[in-house]
Engineer: 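Provided herewith is a single structure, encoded as C-alpha cells, for subsequent inquiry.
Residues take their numbers from the sequence shown, with the count starting at 1. Predicted, not measured: the structure shown is a model, and the values here were computed from it. As a basis for the values below, the full set of heavy atoms in this structure was taken, side chains included, without hydrogen atoms, waters or symmetry mates.
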Amino acid sequence: MPRIIETESLIPVVAALAQEACYELRDVYVDSLRKAAEREASPYGAEILRVLVKNAEYAKKERMPCCQDTGFCVVFMEIGQEVSWKGRGLFDAVNEGVRRGYIQGYLRKSIVTDPFTRLNSNDNTPAVLHTEITEGDKVVIKLM
C-alpha cells in the first residue's frame with residue numbers, strides 16, 4: 001500500500017528551507033572561510049573573508065539573509081517509489097512554498113517570468129525542481 005502525502009504539507013517545509021538556505025551558511029563552509037582568512041596573503045583578501053564570516057554569524061543569529069540571493073531557488077527531492085501524492089500538483093506546491101518563504105522571509109525576489117520582457121515574478125518563482133525516485137516511502141527535500 002503506497003504512502004499518501006498531501007502536497008499541501010510540502011508548502012511550509014519548502015518555505016522554511018528557502019529561508020534557512022538564506023539565513024544559515026553551514027558550519028563547514030564558515031570554518032572554511034575562517035581557515036582561508038588565516039592563510040590569505042593579501043590583507044584585503046583576508047579582511048573580506050573575515051567580513052563574510054561575521055556576516056554569516058550575524059545572519060544566523062538574527063535570522064536575516066547572509067547574502068542576498070541573485071539566482072534560482074533549486075529544489076532537490078528524493079521521492080520513494082511507494083509515495084503517492086494527493087492534492088495540487090507537486091511543482092505547484094513546491095513553487096507555493098518558495099513563494100511563501102521568499103515573501104515571509106523578506107528575501108530578494110530576482111526571478112523574471114520572461115527573459116525578453118524582464119518582468120519580475122515578485123516571489124522568486126518558478127523554482128527549478130529536480131526529482132529522483134528512490135526505494136521506500138520517504139521523501140527527502142534539499143533546497144539550494
Side-chain angles (χ1 to χ4, degrees), residues 3-40 42 44-144:
R3 176 179 175 204
I4 299 172
I5 300 176
E6 290 275 349
T7 54
E8 293 292 321
S9 68
L10 293 175
I11 295 171
V13 173
V14 171
L17 288 171
Q19 291 176 25
E20 182 181 325
C22 292
Y23 299 156
E24 296 186 28
L25 194 57
R26 290 186 179 195
D27 291 338
V28 67
Y29 301 126
V30 177
D31 291 340
S32 293
L33 290 171
R34 281 190 190 96
K35 290 174 185 171
E38 292 170 8
R39 292 188 315 265
E40 179 58 49
S42 163
Y44 296 115
E47 180 59 21
I48 288 169
L49 290 165
R50 285 191 291 272
V51 167
L52 290 172
V53 169
K54 286 180 189 176
N55 182 263
E57 291 170 344
Y58 187 79
K60 186 174 184 176
K61 177 183 171 195
E62 298 297 326
R63 303 290 295 164
M64 297 177 68
C66 63
C67 174
Q68 282 297 313
D69 179 34
T70 60
F72 287 93
C73 187
V74 183
V75 180
F76 300 89
M77 295 182 71
E78 297 173 18
I79 303 169
Q81 63 188 7
E82 299 300 321
V83 170
S84 179
W85 299 101
K86 181 178 178 187
R88 73 166 74 190
L90 182 62
F91 188 62
D92 289 343
V94 167
N95 278 320
E96 183 59 27
V98 169
R99 178 177 295 108
R100 290 184 191 180
Y102 271 75
I103 291 172
Q104 294 166 356
Y106 302 102
L107 303 175
R108 181 176 178 182
K109 300 148 195 93
S110 57
I111 298 302
V112 295
T113 57
D114 183 300
F116 298 109
T117 64
R118 305 291 300 156
L119 181 65
N120 192 304
S121 70
N122 291 315
D123 59 13
N124 223 50
T125 63
V128 175
L129 176 60
H130 295 278
T131 59
E132 179 182 345
I133 304 301
T134 59
E135 292 182 16
D137 67 350
K138 305 286 188 234
V139 175
V140 175
I141 304 171
K142 297 176 184 174
L143 192 139
M144 178 175 75

Engineer: Which heavy atom in A127 sits nearest to a heavy atom in V75, and how many Å separate them?
Structural biologist: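 Looking at all heavy atoms of both residues, the closest pair is CB-CG2, 4.4 Å.
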
Engineer: Just verifying a value: how many Å separate T125 OG1 and F72 CZ, rounded to the nearest 0.5 Å?
Structural biologist: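 Atom-to-atom, T125:OG1 and F72:CZ are 10.5 Å apart.
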
Engineer: Looking at every non-hydrogen atom in both residues, tell me the closest pair between V14 and G97 and how far apart they are.
Structural biologist: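 Closest heavy-atom pair between V14 and G97: CG1-C, 3.7 Å.
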
Engineer: Grab the two heavy atoms, one from R100 and one from Q19, that are nearest each other, plus how far apart they are.
Structural biologist: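 Shortest heavy-atom separation between R100 and Q19 comes out as O-NE2, 4.3 Å.
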
Engineer: Can you tell me how far apart CD1 (I111) and CG (N122) are? Round to the nearest 0.5 Å.
Structural biologist: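 Going from CD1 on I111 over to CG on N122, the span is 11.5 Å.
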
Engineer: E57: what forms a side chain to side chain donor-acceptor pair (under 3.5 Å) with it, not counting sequence neighbours?
Structural biologist: R34

Engineer: Hey, could you give me the CZ/CG distance between R50 and N55, rounded to the nearest 0.5 Å?
Structural biologist: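 So the CZ of R50 and the CG of N55 are separated by 15.0 Å.
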
Engineer: Kindly compute the distance separating CG (D123) from OG1 (T113), expressed to the nearest 0.5 Å.
Structural biologist: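 The CG atom of D123 sits 10.0 Å away from the OG1 atom of T113.
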
Engineer: With E78, which residues qualify under side chain to side chain donor-acceptor pair (under 3.5 Å), at least two apart?
Structural biologist: none

Engineer: Of all the heavy-atom pairs spanning C22 and Y102, show the shortest one and how long it is.
Structural biologist: SG-OH, 4.2 Å

Engineer: Taking the side chain as C-beta and beyond, is there a heavy-atom pair between I103 and K109 under 4.5 Å?
Structural biologist: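 Side-chain contact under 4.5 Å: yes.
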
Engineer: Within a strict 4.5 Å, meaning less than it, do heavy atoms of the E40 and I48 side chains meet?
Structural biologist: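 The answer is no, as the side chains (C-beta and beyond) never meet within the 4.5 Å cut-off.
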
Engineer: Rounded at 0.5 Å granularity, tell me how far CG in D137 sits from CD1 in I4.
Structural biologist: 11.5 Å

Engineer: Which distance, rounded to the nearest 0.5 Å, do you find between the CG of N124 and the CZ of R99?
Structural biologist: 10.5 Å

Engineer: Is the shortest side-chain heavy-atom distance between V140 and T134 below 4.5 Å?
Structural biologist: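 Heavy-atom side-chain distance check fails, nothing below 4.5 Å.
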
Engineer: Would you please name every residue forming a side chain to side chain contact (heavy atoms under 4.5 Å, CB included) with S32, sequence neighbours left out?
Structural biologist: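 Expected list: none.
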
Engineer: Under 3.5 Å, side-chain donor or acceptor atoms of residues 58-66 against the rest of the protein: list the pairs with distances, not counting sequence neighbours.
Structural biologist:
unit_1: R63; atom_1: NH1; unit_2: E24; atom_2: OE2; d: 2.8

Engineer: Identify the heavy atoms of A18 and L143 that sit nearest to each other, and give their distance.
Structural biologist: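 Looking at all heavy atoms of both residues, the shortest contact is CA-CD2, 3.7 Å.
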
Engineer: Any non-hydrogen side-chain atom of I79 less than 4.5 Å from a side-chain atom of L90?
Structural biologist: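 Sidechains of L90 and I79: in contact.
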
Engineer: Applying ring-ring contact (aromatic ring centres under 6.0 Å, His included), name anything that partners F76, two or more places apart in sequence or on another chain.
Structural biologist: H130

Engineer: Sequence neighbours left out, what pairs pass side chain to side chain donor-acceptor pair (under 3.5 Å) with at least one residue falling in residues 4-18?
Structural biologist: E8-R88

Engineer: Looking at E38 and K35, is there a salt bridge between them, counting it only when a charged N and a carboxylate O are closer than 4.0 Å?
Structural biologist: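 Salt bridge absent between K35 and E38.
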
Engineer: Grab the two heavy atoms, one from C73 and one from V98, that are nearest each other, plus how far apart they are.
Structural biologist: SG-CG2, 3.7 Å

Engineer: Can you find a pair of side-chain heavy atoms, one from D114 and one from L119, that are under 4.5 Å apart?
Structural biologist: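 D114 does not reach L119 side chain to side chain.
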
Engineer: Step by step, work out the side-chain contact (heavy atoms from CB on, under 4.5 Å) result for L25 and L52.
Structural biologist: CA-CA 10 Å; L25 194 57; L52 290 172; over 6 Å; no

